[in-house]
Structures are given as C-alpha cells and as structure tokens.
**Q** 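Take a look at this one; I'll ask things after.
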Amino acid sequence: MFALVDANNFYASCERLFRPDLAGKPIIVLSNNDGCVVARSNEAKALGIDMAIPYFKVKQCCYQHQVHVFSSNYTLYGDLSARVMTLLEMGCPNIEVYSIDEAFLQVDDQSFDGLIPWAEKQQQIIKQHVGIPVSIGIGKTKTLAKVANHIAKTILRQPVCLLDQPEQWLSRIPVDEVWGIGKRWGRKLQALGIINAQQLANTPYDYLRKHFNVVLARTALELQGQSCLALEAMSEPKKNIVASKSFGQKQIDFTPIAQALSTHCARACEKLRTQSGVANYLHVSLKTNRFSDQLQYHPHMGIKLPIATDDSRMVIAYAKKILGCLYKPGFKYHKVGVMLGDIHPRVFKQNSLLSSSQPMSQDSEPLMAMLDQINRRYGRHQIYLAAMGMQKQTWKMQSNRKSPAYTTCWQSLAKVY
DNA sequence: TCTGGGGTCCTAGGACCC
DNA sequence: TCTGGGGTCCTAGGACCC
C-alpha cells in the first residue's frame with residue numbers, strides 16, 4: 001500500500017504558522033517577482049482567487065477583502081518541509097520525498113486494519129510538532145493514493161482517506177483530476193468519451209498505448225490497482241540544472257543582463273557542486289516578455305564545453321560569450337537563464353586528450369570548495385564573483401512582501417512580548 | 001524486373017509534474 | 001504597469017554504424 005502525505009495549502013500554512021493573528025483570515029503567496037498566485041488559504045480560495053492567476057488581476061479583490069499577501073519565502077518553506085519529512089521518516093522509513101510539500105510512503109499491507117489509525121497519528125504528530133496541517137491518502141498504487149488524497153481534501157474534508165474500494169469512488173473523479181493527466185490529455189480523453197477516472201481505468205491498455213503513450217497506459221493500470229510506479233526512495237542526481245529568473249524591471253543593456261546571467265551561472269554551479277557533478281553542456285536563453293505586444297525575440301544557444309566543469313568562473317566566461325552572440329540591442333528583455341546539461345559525477349571527469357593547457361584546473365577545486373564553505377557558513381553572497389555586478393541592480397527580482405526567515409536566521413527569530 | 005536487416009545515438013518538440 | 005521556476009519522460013525523425 002502507498003500513502004501520499006500532502007500538506008494543505010503548504011506555503012500559506014507556513015506563513016500562518018508564525019502569524020497566529022492570521023488564523024481564519026485569507027492568505028495568498030506569490031511566485032517569484034510577485035508575479036502569480038501560487039498558494040491560497042481556504043479563505044482565499046473561497047473568495048474565488050484562482051491558482052496561478054497573475055497577481056495584478058486579483059489585486060483589487062485582495063485589497064477589498066483584506067487578503068494578506070506574501071512574497072514567496074523559500075528559505076522558510078524549505079526548512080519547514082525538512083521538519084515534516086523528518087517526522088514522516090520516523091513514522092515510516094520507506095519514504096520518497098516527492099516535492100516540497102508531498103511524500104509517498106510505502107506501508108505494509110499486513111497491517112491493513114491499522115492503516116487509518118496509523119495515518120491519523122502521523123497527521124497529529126506533524127500538527128503538534130511542526131504545526132502544518134497535512135492530508136493523507138492511502139491506496140494500492142501511487143495513483144490511487146493520489147486519488148485518495150484528493151478525496152480526503154475535497155470530498156470528505158477529513159485528514160485521512162483509505163481507498164479500499166476504489167470502484168465506489170472513481171466514477172466521481174473527473175479524468176483530468178487524475179495524477180498524470182494534464183489539460184491537453186484531459187481534453188483529448190473527454191473527446192474520446194472518457195470522462196471520469198473509472199472510464200479511464202476500464203480503457204484497454206493497447207488503445208491508450210496507440211492513441212497516447214506508455215505513460216498514460218500505465219496510469220490506467222494504476223487506477224485498476226496494478227502498481228507500475230515504484231517508490232523511489234533514493235533521489236537521483238539531476239541530469240539538468242536550470243537557473244533562470246525574470247528581471248525585476250525590463251532590461252535593455254548588455255551589462256546588467258550579463259550580470260544577471262553570471263549570477264544564475266554561479267547558482268547553477270553551486271547546485272552542481274552539491275551533487276558532486278560536472279557539466280559538459282551549457283545552454284543560455286534570453287527572452288522578451290511573451291505577454292507584451294512589443295516585438296518578440298527569444299534567442300537561445302547551447303554549446304558542448306571543451307572540458308567538463310563545475311567551476312563558476314569557466315561557466316560564466318562561456319555563458320557571457322554565448323550571450324554576446326544572442327544579445328541584440330533594441331529589445332526590452334524580460335528574462336535570462338542558463339542550463340547545465342550532460343552532467344556526470346565528478347569522479348568520472350574526462351580530461352582532454354589534445355589540450356595540455358587547462359586553465360583554472362589547478363586551483364579550481366579548492367577555490368570553489370572554499371567559496372561554497374564561506375557562503376554556507378556566513379550567508380549567501382558573502383563572497384561572489386565580480387561578474388555578478390556590484391552596483392545597484394535593477395534586474396533583481398521584486399519581493400516586497402516577504403516574511404522573515406523565522407527558523408533559519410538569528411536576527412529573524414520571533415519576539416514574544 | 002530487380003535494391004537487406006538490425007541496430008544506436010542525438011535532437012526537438014510535446015506532454016506531464018510540483 | 002504588473003503574467004514563476006525547475007524538473008522528467010516519451011516519441012518521431014534523421015543520421016549514422018555494420
């Protein structure tokens with residue numbers, strides 16, 4: 001049996017945790033750059049504020065109903081997430097951390113009768129020790145556990161749902177609510193007369209294989225109770241690492257864009273080093289605002305690096321060369337990003353056969369290790385590369401409503417009077 | 001009139017997830 | 001005025017190999 005534990009309105013719940021005065025009040029959390037709504041408390045949902053809607057479209061509504069609006073605070077959410085996951089692991093060692101607010105647990109079906117009390121206990125422990133409300137769905141497969149979680153949250157409105165008789169529920173679940181069915185496939189399935197989850201479960205494998213692909217055919221098997229997706233307890237190293245962000249203000253000149261790109265490169269390399277990887281491929285993309293009616297330009301270019309690397313300096317140097325090819329004056333740029341690809345473990349790093357000069361190779365490893373160590377100990381960007389810019393930076397993202405880092409910074413500890 | 005069989009690797013694009 | 005960021009997997013088609 002699988003259990004899916006999913007925090008309720010996770011980011012909104014995190015914000016409320018240190019603001020007990022906001023109990024029962026509507027809260028929303030915005031994406032980076034205060035762009036879109038990415039989390040809503042139940043009270044905010046009740047006001048009709050949709051998920052992923054641009055903030056400017058609901059600003060007036062928020063003002064009217066005194067909705068409390070927060071910029072996203074990933075330091076806080078990440079820390080609280082880790083606490084929740086630690087408690088879950090104590091309750092069940094077979095755990096797959098699926099996202100910042102979700103985990104699959106594989107539980108022994110010998111204790112079938114005990115599953116509901118066990119799940120209720122997990123939920124209560126998390127509520128007591130961290131203060132975050134979670135819902136737990138239990139089923140024979142991961143997909144059924146997801147369905148059970150959905151039922152717990154939206155139909156039963158209880159913390160726990162054990163789906164022991166799925167056929168009694170599946171016909172009530174719209175097909176596009178099923179995990180793995182997005183907007184496009186939902187529409188296509190409906191056009192084929194497959195409206196609910198039970199109908200999808202009844203659709204023959206070969207039919208789905210022919211009209212869609214193997215992924216959807218497996219989803220149907222999972223709905224029938226045949227497990228196709230295993231628990232993935234070990235998190236695999238990333239195959240690609242992306243770092244990109246929209247600018248706080250539109251950018252026209254090369255220099256600030258290059259500084260933003262350098263900052264993204266440094267962050268991508270830092271992530272790469274934490275997984276002890278080296279990248280062979282580097283991709284840079286530049287974009288104008290796709291929602292604007294101004295002239296659009298979306299150039300991008302990838303190169304194979306001459307030698308696999310995790311050195312921020314080398315990646316920045318090549319990325320800036322690529323940017324030099326992509327950049328054209330006369331556009332209002334909205335976003336720049338970098339992707340590191342073809343990533344391998346550093347221990348398998350392949351040196352060049354022909355080139356004897358490998359700049360930066362001697363001091364690279366200790367220097368980058370020291371950079372990471374200092375920034376981990378004394379805080380982000382305590383030391384950084386000059387390419388990232390030292391003046392006031394207009395490309396930096398907007399984040400005007402961010403709460404304190406209550407749990408990770410001594411200066412931000414809550415004060416009680 | 002007649003032109004093999006069986007593979008791998010790479011890339012772009014499309015779908016999905018949170 | 002203002003529209004996020006970071007991933008994975010699958011498929012088809014092209015190029016190449018013997």
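Computed from a predicted model, the values in this text were never measured in an experiment. Reminder, nothing fancy here: chain letters follow the sequence lines and each chain counts from 1.
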**Q** Hey, which sits more toward the 5' end of DNA chain C by its nearest nucleotide, A/Ala243 or A/Asp34?
**A** A/Asp34
**Q** Within the side chain of A/Asn73, is there an N or O that forms a donor-acceptor pair under 3.5 Å with the backbone of A/Leu76?
**A** yes
**Q** Can you tell me how far P of C/dT3 sits from NZ of A/Lys332, to the nearest Å?
**A** 12 Å
**Q** Using whole Å, report how far NZ of A/Lys57 lies from P of C/dG4.
**A** 11 Å
**Q** Mind checking the CD-CG spacing from A/Gln224 to A/Leu200? Nearest 0.5 Å is all I need.
**A**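 Going from the CD atom of A/Gln224 to the CG atom of A/Leu200 covers 9.0 Å.
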**Q** Name the nucleic acid region contacted by A/Gln398, choosing base, sugar-phosphate or nothing; use a 4.0 angstrom heavy-atom cut-off, strictly under.
**A**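 If one applies the 4.0 Å heavy-atom cut-off, A/Gln398 turns out to touch nothing in the nucleic acid.
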**Q** So, is A/Lys146 near the phosphate of B/dC18, with a side-chain N or O under 4.0 Å from OP1 or OP2?
**A** yes
**Q** I need the CE-C1' distance between A/Met51 and C/dT3, as an integer number of Å.
**A** 14 Å
**Q** Side chain of A/Asn33, backbone of A/Gly35: donor and acceptor closer than 3.5 Å?
**A**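 Not a single qualifying donor-acceptor pair exists.
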**Q** How would you label the contact of A/Lys59 with the nucleic acid (heavy atoms, under 4.0 Å): base, sugar-phosphate, or nothing?
**A**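 No contact.
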**Q** Counting N and O atoms only, with roles assigned by atom type, does the side chain of A/Asn375 sit under 3.5 Å from a partner on the main chain of A/Ile383, one being a donor and the other an acceptor?
**A** yes
**Q** With heavy atoms under 4.0 Å as the rule, sort A/Lys188 into base, sugar-phosphate or nothing.
**A**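 No contact.
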**Q** If the cut-off is 4.0 Å, is A/Lys271 near the phosphate of C/dG7, judged by side-chain N/O to OP1 or OP2?
**A** yes
**Q** Regarding A/Ile181, tell me which of base, sugar-phosphate or nothing describes its non-hydrogen contacts under 4.0 Å with the strands shown.
**A**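 The answer is sugar-phosphate, as A/Ile181 gets under 4.0 Å only of primed atoms, P, OP1 or OP2.
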**Q** Looking at B/dC17, I'd like to know if its phosphate oxygens (OP1 or OP2) sit under 4.0 Å from a side-chain N or O belonging to A/Ser99.
**A**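 For B/dC17, OP1/OP2 do not have a side-chain N/O of A/Ser99 under 4.0 Å.
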**Q** Please tell me if A/Asn240 has a side-chain N or O lying less than 4.0 Å from either OP1 or OP2 of C/dT8.
**A** yes
**Q** Would you mind reading off the distance between A/Ile49 atom CD1 and C/dT3 atom P, rounded to a whole angstrom?
**A** 19 Å
**Q** Of the options C/dG5, B/dC18, C/dC10, whose atoms approach the side-chain atoms of A/Asn32 most closely?
**A** C/dG5
**Q** Out of B/dA15, C/dT11, C/dG6, which nucleotide sits closest to the side chain of A/Asn213?
**A** C/dT11
**Q** For this output row, return yes or no: ring centroids of A/Tyr11 and A/Phe70 closer than 6.0 angstrom.
**A** no
**Q** Under 4.0 angstrom, heavy atoms only, what part of the nucleic acid is A/Lys304 near: base, sugar-phosphate, or nothing?
**A** nothing
**Q** For C/dT3, take OP1 and OP2 only and decide whether either is under 4.0 Å from a side-chain N or O of A/Ser31.
**A**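 For C/dT3, OP1/OP2 do not have a side-chain N/O of A/Ser31 under 4.0 Å.
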**Q** Identify which nucleotide among B/dC18, C/dG7, C/dG6 has an atom closest to any side-chain atom of A/Ile241, counting heavy atoms from C-beta outward.
**A** C/dG7
**Q** With a 4.0 Å limit, can you tell me whether A/Lys335 has a side-chain N or O closer than that to the phosphate oxygens OP1/OP2 of C/dG5?
**A**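 Yes, such a contact exists.
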**Q** With the threshold set at 4.0 Å, does a side-chain nitrogen-carboxylate oxygen contact exist between A/Glu222 and A/Lys146?
**A** no
**Q** Any salt bridge linking A/Lys210 with A/Asp206? Criterion: basic side-chain nitrogen under 4.0 Å from a carboxylate oxygen.
**A** no
**Q** Using the side-chain heavy atoms of A/Phe291, tell me which of these nucleotides is nearest: C/dG6, C/dG4, B/dC16.
**A** C/dG4
**Q** I want to verify a distance call: between C/dC9, C/dG4, B/dA15, whose nearest atom is closest to the A/Arg290 side chain?
**A** C/dG4
**Q** Rounded to the Å, how far apart are A/Leu229 CG and C/dC10 P?
**A**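 So the CG-P distance, A/Leu229 to C/dC10, works out to 11 Å.
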**Q** So if I take every side-chain heavy atom of A/Val214 and compare against C/dT11, C/dG6, B/dC17, which nucleotide ends up nearest?
**A**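 When the side chain of A/Val214 is considered, C/dT11 is the closest of C/dT11, C/dG6, B/dC17.
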**Q** Whole Å only: how far is the CZ atom of A/Arg209 from the C1' atom of C/dC10?
**A**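 The answer, rounded to whole Å, is 9 Å.
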**Q** Determine yes or no for a side-chain-to-main-chain donor-acceptor pair under 3.5 angstrom, with A/Asn149 supplying the side chain and A/Ser135 the backbone.
**A** yes
**Q** Let's see if you can work this out: which of B/dC18, C/dC2, C/dG6 has an atom nearest to the side-chain heavy atoms of A/Arg267?
**A** C/dG6
**Q** Check every atom of B/dC18, C/dT11, C/dT8 against the side chain of A/Lys238 and return the nucleotide holding the closest atom.
**A** C/dT8
**Q** For A/Asn289 and C/dC2, give me the distance from atom CG to atom P, rounded to whole Å.
**A**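 Atom-to-atom, A/Asn289 to C/dC2, this comes out as 7 Å.
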**Q** Does a side-chain N or O from A/Arg218 land closer than 4.0 Å to OP1 or OP2 of C/dC10, or not?
**A** yes
**Q** A/Ala52 near the nucleic acid: base, sugar-phosphate alone, or nothing, with a heavy-atom cut-off under 4.0 Å?
**A** nothing
**Q** If you look at every strand shown and take non-hydrogen atoms under 4.0 Å, does A/His300 touch a base, only sugar-phosphate, or nothing?
**A** nothing
**Q** Which whole-number value in Å describes the distance from A/Leu272 CG to C/dG6 C1'?
**A** 15 Å
**Q** Between C/dT3, B/dC18, C/dG5, which nucleotide gets closest to the side-chain atoms of A/Cys36?
**A** C/dT3
**Q** Looking for any heavy atom pair under 4.0 Å, which part of the strands does A/Lys239 touch: base, sugar-phosphate only, or nothing?
**A**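 Sugar-phosphate contact only.
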**Q** When you get a sec, tell me which of C/dT3, C/dC10, B/dC18 is the closest nucleotide to the side chain of A/Tyr98?
**A**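 Closest nucleotide to the A/Tyr98 side chain: B/dC18.
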